[in-house]
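Residue numbers begin at 1 in each chain, while the letters A, B, ... track the order of the sequences.
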Amino acid sequence: MKQVPEQLLKPFDAKSVEAELYKMWEESGYFNPDNLPLVNGQPRTENYSIILPPPNVTGTLHCGHALMLVIQDILIRFKRMQGFNTLWLPGTDHASIATQSIVEKKISKEEGKSRHDLGREELLKRVDEFAKQSQETIIKQTKAMGASLDWSRLAFTLDEKRNLAVRTAFKKMYDDGLIYRGLRAINWDPKGQTTISDDEIVSEEKEGVMYTFKYSADFPIAISSTRPETKVGDTAVAVHPDDERYKEFIGKTFTCDFAGNKIEVKVIADHHVDKEFGTGALGVTPAHSKADWEIKERHDLPMRIVINEYAKMTEDAGTLLAGKKVTEAREEVVKWLKENNLLIGEEKTTQQIPTAERTGGLVETIPKMQWFVAVNKKFNHFGNEKTLKDLMREAVDNGETKILPDRFERVYHHWINDLHDWCISRQIWYGHRVPVWYKKESRIKDEGLSEMQNSDTEVYCGINPPEGNDWIQDEDTLDTWFSSALWTFSTLGWPNDTIDLKKFHPTTVMETGYDIIFFWVARMILASKYLLNETPFKTVYLHGLVRDMQNRKFSKTLGNGIDPLEMIEKYGTDALRMALVVGNGAGNDTKLSEDKIKAYKHFANKIWNATRFVLERTNDLEKELSVNELTESHQNYYKEWTDKKSEITKDLEEFRLGQATEKIYDFFWHRFADVIIEEMKKEILQGAKSDEDVRSQQVEDAKQISKISAQSLLLILLREQIITMHPFIPFVTEEVWKYIKRDKDDLLMVTKW
RNA sequence: GGGAGAUUAGCUCAGUUGGUAGAGCAACUCGUUUACACCGAGAAGGUCACAGGUUCGAGUCCUGUAUCUCCCACCA
């Protein structure tokens with residue numbers, strides 16, 4: 001007669017077992033596909049791989065991470081149990097701007113020094129130290145979620161291997177003419193002191209004033225602007241070619257005294273201008289507006305730079321404004337306009353202010369020499385003439401990559417259509433340095449704009465530095481998304497021809513948030529199609545945002561986050577995992593509350609108690625019957641379960657995790673515990689030896705058979721449900737498995753599904 | 001300005017291919033010499049936003065309306 005283990009007699013205490021279970025899994029080596037056990041004596045032939053979207057090294061685990069980890073862990077554990085050769089590869093992201101600015105702030109606060117006081121080398125040393133420390137935190141927290149990641153393959157977006165991948169990719173694109181250096185009106189973040197890409201801009205709605213005015217009394221056309229201070233940089237006024245009001249002035253150049261500044265303004269005709277808007281005339285400021293830059297290109301206009309990298313007016317802005325902040329300069333210009341009777345109208349409007357996603361700084365458009373990826377340029381791609389846009393489109397169009405939910409495929413295409421060349425250089429020190437060198441003598445390195453004069457410098461682009469010591473490397477680093485774009489294959493050893501790369505690329509699933517479909521998903525497709533001529537992943541599963549009960553995003557700045565670590569502490573990891581994934585479908589946001597997590601803590605306990613009960617009521621069972629030896633009614637219960645199980649399997653195969661979770665929860669609690677156990681309870685009780693001698697031998701035998709069958713059914717159903725629940729709630733199931741597994745069984749995490 | 005999504009019980013949300021409306025939480029009644037009060041049984045709660053249409057049959061498909069949310073965009 002078996003004794004019920006003592007541990008089972010107390011309520012389930014997640015806290016006391018989780019750390020140890022995780023350690024046991026890690027030590028088993030089964031997170032690593034190279035160590036996975038055979039399946040029915042056969043090696044695992046089918047590969048299944050997910051590369052973890054790397055969290056920022058600086059971060060602490062938030063609910064978004066938790067959701068991502070849970071979904072991926074469910075998929076991986078499910079496939080591992082099904083017998084696939086599973087790889088889930090972890091990594092962290094150096095997140096250049098975010099990380100550097102945290103360290104800069106710290107240094108400025110503690111030592112009162114700027115990055116320039118420290119110098120590049122010293123700052124990088126400090127940032128590296130910080131990143132290393134920080135990385136350990138996020139890794140520890142990731143483990144607390146139960147994530148079955150292969151830590152032996154841990155990658156970092158800025159380590160030596162990834163750097164080689166970046167240099168190799170850059171060089172190839174450079175040689176194909178897809179990366180070029182050029183002078184463009186770019187997005188400048190004065191706070192972060194760097195350029196940023198279009199995708200890193202967040203528009204903020206703000207109240208503003210639209211001023212309508214003339215440059216000077218003798219200038220015939222009035223213009224409108226919310227930013228009159230930029231107008232000292234105007235070199236033209238554009239009107240619609242069909243606009244009768246202004247036809248007579250087209251082609252004429254006027255010299256005006258405007259805000260203490262002499263400006264030369266040519267009147268030009270351009271179809272871009274909307275006759276109905278404002279005065280129907282547009283002051284063209286080529287240096288500080290992208291639209292105006294394009295007009296400049298079309299009409300070959302000169303430009304005047306009046307705003308500098310610190311969002312202050314330059315010397316060229318004229319004596320009245322030079323040195324002032326743009327906001328001060330605006331007031332100054334308005335004052336000047338009023339004094340000179342040139343202000344015709346003021347009108348309140350709401351305007352979209354571009355701000356930098358990472359720093360919140362107000363983004364200025366400034367012309368600068370930068371590195372770009374040409375997305376519309378034709379090149380020879382494995383024998384075909386293609387553009388990078390073509391490659392991105394094709395992967396989805398021909399079904400190599402499936403995006404879930406599929407409505408995002410349309411979103412993806414819209415984005416590609418509107419895509420401009422991608423500015424990839426950053427004036428941040430922490431990141432992959434542009435692998436380009438210039439001949440020393442021919443280059444005068446100065447802050448900012450003097451580079452413009454150096455566009456004909458001798459340039460070397462290579463994976464390794466050029467020979468000789470008269471070369472100087474480009475100061476800039478690359479957009480962090482450039483290295484992230486290579487993530488699915490740089491983590492597997494590319495550019496080396498590795499076994500991992502052959503086995504696991506294209507990866508099976510990319511699971512990430514829909515908010516980074518452009519930043520990341522599209523660029524991974526671009527990079528992988530371009531460099532490997534294959535899609536980086538067969539399926540993209542996009543999850544939604546985790547929000548609070550007021551439907552707000554969880555964010556550090558709002559301070560409204562549910563701290564997953566606190567929830568784990570209070571209710572156990574399994575409870576948090578269930579709460580995150582129940583009812584959550586692809587692409588939908590999910591609301592999380594503490595109550596919900598609490599409810600699933602009860603579920604873990606229910607499993608615990610049911611296990612104890614089943615063990616108690618079956619401890620006199622000599623030999624467990626197999627399924628086809630059970631009584632007919634018991635076989636029917638078993639059939640009911642296997643039907644449910646195949647539904648759950650199908651749900652998982654088709655990424656309906658929320659529904660799978662709900663089904664297993666419902667069956668275990670409301671069918672197995674509430675009904676089947678209660679039924680079996682009676683049958684087992686009736687089968688107990690009776691003291692009275694009233695029952696005939698025949699009846700006694702029948703009762704005995706039914707009892708043994710009932711006991712066997714309970715054990716079989718419990719075991720199978722524990723297996724099925726494992727991907728969702730790995731801890732409590734693995735713990736319980738210790739007590740219900742048969743002698744030949746291995747860890748639950750590798751038990752056949 | 002363009003695009004996408006949402007609207008189902010008091011709250012938060014599920015609802016595959018059209019086939020008798022579901023769960024958790026909350027509230028209500030009853031039960032418990034007991035695997036589990038981190039429990040069980042029961043009842044209550046819904047014109048599935050609104051208006052049309054397709055269909056034997058619509059929460060689900062189509063058209064329109066309303067409200068909310070999100071994304072994209074160089075209207076100065």
Side-chain angles (χ1 to χ4, degrees), chain A residues 4 8-9 11-12 185 187 198-199 201-203 210-212 223-228 230-231 234 237-238 272-285 288-295 349 351-352 354 365 405 407-411 413-415 417-420 514-515 517-518 544-545 547-549 551-553 571-572 575 578-579 582-585 587-617 647 650-651 654-656 658-659 661-663 665-666 669-670 673-675 677-678 681 714:
Chain A
V4 175
L8 273 175
L9 297 177
F12 177 60
N187 312 307
D198 296 345
D199 298 284
I201 289 181
V202 185
S203 294
M210 175 78 77
Y211 300 96
T212 302
I223 57 161
S224 297
S225 177
T226 52
R227 297 199 57 187
T230 64
K231 298 284 120 185
D234 284 12
V237 162
H272 169 80
V273 180
D274 180 355
K275 278 196 282 190
E276 310 303 321
F277 188 89
T279 61
L282 164 65
V284 182
T285 322
H288 303 293
S289 152
K290 281 187 194 165
D292 294 1
W293 178 274
E294 278 169 27
I295 295 176
T349 60
Q351 46 176 341
Q352 301 291 323
T365 299
R407 65 181 138 92
F408 280 99
E409 294 191 356
R410 248 174 306 165
V411 177
H413 279 111
H414 281 143
W415 178 78
N417 290 340
D418 295 339
L419 188 61
H420 298 286
Y514 66 71
D515 51 332
I517 181 169
F518 307 134
L545 269 32
R547 294 171 180 277
D548 71 1
M549 297 315 271
N551 204 29
R552 298 177 304 182
K553 276 190 196 180
Y571 305 106
M578 284 290 282
V582 155
N584 182 12
N588 290 340
D589 291 350
T590 179
K591 281 182 198 166
L592 185 67
S593 67
E594 193 164 336
D595 270 354
K596 202 168 167 187
I597 302 169
K598 200 167 148 193
Y600 292 106
K601 182 197 169 167
H602 297 175
F603 182 55
N605 194 55
K606 186 81 181 177
I607 295 169
W608 189 253
N609 281 312
T611 304
R612 172 172 69 233
F613 180 75
V614 169
L615 288 179
E616 276 169 4
R617 292 304 163 102
E647 271 182 48
K650 196 163 173 255
D651 284 338
E654 292 166 17
F655 296 94
R656 289 187 298 268
Q659 282 173 71
T661 317
E662 240 176 277
K663 278 176 190 163
Y665 174 94
D666 184 62
W669 198 311
H670 298 300
D674 289 351
V675 178
I677 285 186
E678 292 303 318
K681 208 190 262 183
L714 287 183

- Gap in Å between the two C1' atoms, one belonging to B:C13 and one to B:G19, rounded: 24 Å
- B:G15 phosphate, OP1 or OP2: any side-chain N/O from A:Gln659 under 4.0 angstrom? yes
- Note on the structure: Those residues at least two apart in sequence (or on a different chain) that pass side-chain hydrogen bond (donor to acceptor under 3.5 Å, both in side chains) with A:Lys663 are A:Glu647, A:Asp651
- Query: Between A:Leu592 (CG) and B:U12 (P), how many Å, whole number?
  - Reply: 14 Å
Are any protein N/O atoms closer than 3.5 Å to N/O atoms in nucleotides 2-7 of chain B? If there are, list each pair with its distance.
unit_1 : atom_1 : unit_2   : atom_2 : d
B:A4   : OP1    : A:Arg410 : NH1    : 3.4

- Query: Within this structure, what is the CD-to-P distance between A:Gln352 and B:C74, rounded to whole angstrom?
  - Reply: 11 Å
- Item | Among B:A35, B:U16, B:C75, the one nearest A:Lys681 by side-chain distance | B:A35
- Expressed in whole Å, how much space separates the P atoms belonging to B:A21 and B:U16? 14 Å
- Nucleotide nearest A:Lys601 (side chain, heavy atoms from C-beta), chosen from B:G40, B:C38, B:A35: B:C38
- Query: When rounded to the nearest Å, what value does the distance between C1' atoms of B:U55 and B:G40 take?
  - Reply: 44 Å
- Protein-nucleotide distance (A:Asp589, atom CG; B:C13, atom P), rounded to Å: 9 Å
- Message: As a test of reading the structure: which of B:A35, B:C25, B:C74 is closest to the side chain of A:Glu678, going by heavy atoms?
- Response: B:A35
- If you check every side-chain atom of A:Lys606, which of B:C36, B:C74, B:A41 has the closest atom? B:C36
- Message: For the P atoms, the ones on B:G2 and on B:U65, what distance do you get once it is rounded to whole angstrom?
- Response: 13 Å
- Query: Which residues satisfy the side-chain hydrogen bond (donor to acceptor under 3.5 Å, both in side chains) test with A:Arg612, sequence neighbours excluded?
  - Reply: A:Asn609
- Query: Residues in side-chain hydrogen bond (donor to acceptor under 3.5 Å, both in side chains) with A:Arg407, at least two apart?
  - Reply: A:Asn588
- Item | Whole-Å distance separating the CG atom of A:Asp418 from the C1' atom of B:A73 | 7 Å
- How do A:Arg617 and A:Gly585 order along RNA chain B: which one's closest nucleotide is nearer the 5' end? A:Gly585
- Query: So what does A:Arg612 hit on the nucleic acid, given a heavy-atom distance under 4.0 Å: a base, only sugar-phosphate, or nothing?
  - Reply: sugar-phosphate
- Item | A:Phe613 CZ to B:C36 C1', straight-line distance once rounded to whole Å | 10 Å
- Length of the CG-C1' vector between A:Leu8 and B:C36, whole Å: 12 Å
- Message: If I pick the C1' atom on B:C30 and the same atom on B:U69, what distance separates them, to the nearest angstrom?
- Response: 44 Å
- Query: Taking the six-membered ring for Trp, are A:Trp669 and A:Phe603 parallel (under 30°), tilted (30 to 60°) or perpendicular (over 60°)?
  - Reply: parallel
- Task: Figure out the CD/C1' separation between A:Glu276 and B:A76, and round it to whole Å.
- Result: 15 Å
- Message: Would the base of B:C38 count as contacting A:Asn605 through its side chain, where contact means a donor and an acceptor less than 3.5 Å apart?
- Response: yes
- Of the candidate nucleotides B:C39, B:G24, B:C74, which contains the atom at the shortest distance from the side chain of A:Ala599? B:G24
- Message: Could you check whether atom NZ of A:Lys290 has more than 12 heavy atoms from other residues, nucleotides or ligands sitting under 6.0 Å from it?
- Response: yes
- Note on the structure: Assign each of A:Arg656 and A:Asn609 the nucleotide of RNA chain B bearing its closest heavy atom; nearer the 5' end lies the nucleotide of A:Arg656
- Pick the C1' atom in B:G1 and in B:A14, then give their distance to the nearest Å. 36 Å
- Message: Nearest whole Å is fine: how far is B:C36 P from A:Leu615 CG?
- Response: 15 Å
With the criterion being N/O to N/O and under 3.5 Å, what pairs connect the protein with nucleotides 21-23 of chain B, and how long is each?
none

- Task: Respond yes when some side-chain nitrogen or oxygen of A:His602 is under 4.0 Å from OP1 or OP2 of B:C39, and no when none is.
- Result: yes
- Message: I'd like the C1' distance from B:C56 over to B:A23, given in whole Å.
- Response: 31 Å
- Where the side chain of A:Asp674 is defined as all heavy atoms beyond and including C-beta, which of B:G24, B:A76, B:G40 is the nearest nucleotide? B:G40
- Would you indicate whether the side-chain heavy atoms of A:Ile517 and A:Trp415 approach each other to under 4.5 Å? no
- So what does A:Ala673 hit on the nucleic acid, given a heavy-atom distance under 4.0 Å: a base, only sugar-phosphate, or nothing? base
- Message: Just so I know, are the side chains of A:Trp293 and A:Thr365 near enough to count as touching, which here means a heavy-atom distance under 4.5 Å?
- Response: no
- Does A:Trp669 place a side-chain N or O at less than 4.0 Å from the phosphate oxygens OP1/OP2 of B:G40? yes
- Task: May I ask you to say what A:Lys275 touches in the nucleic acid, namely base, sugar-phosphate or nothing, with a heavy-atom cut-off under 4.0 Å?
- Result: nothing
- Pairwise C1' distance, B:G18 and B:C75 [rounded to whole Å]: 46 Å
- Message: Checking the side chain of A:Lys231 only, and the main-chain atoms of A:Ser225 only, is there a donor and an acceptor separated by less than 3.5 Å?
- Response: no
- Task: Return the stems involving RNA chain B, sorted by first number, where pairs are Watson-Crick (N1-N3 with N6-O4 or O6-N4) or G-U wobble (N1-O2 and O6-N3), both under 3.5 Å, and runs are 3 or more long.
- Result: B:1-7 with B:66-72, B:10-13 with B:22-25, B:28-31 with B:39-42, B:49-53 with B:61-65
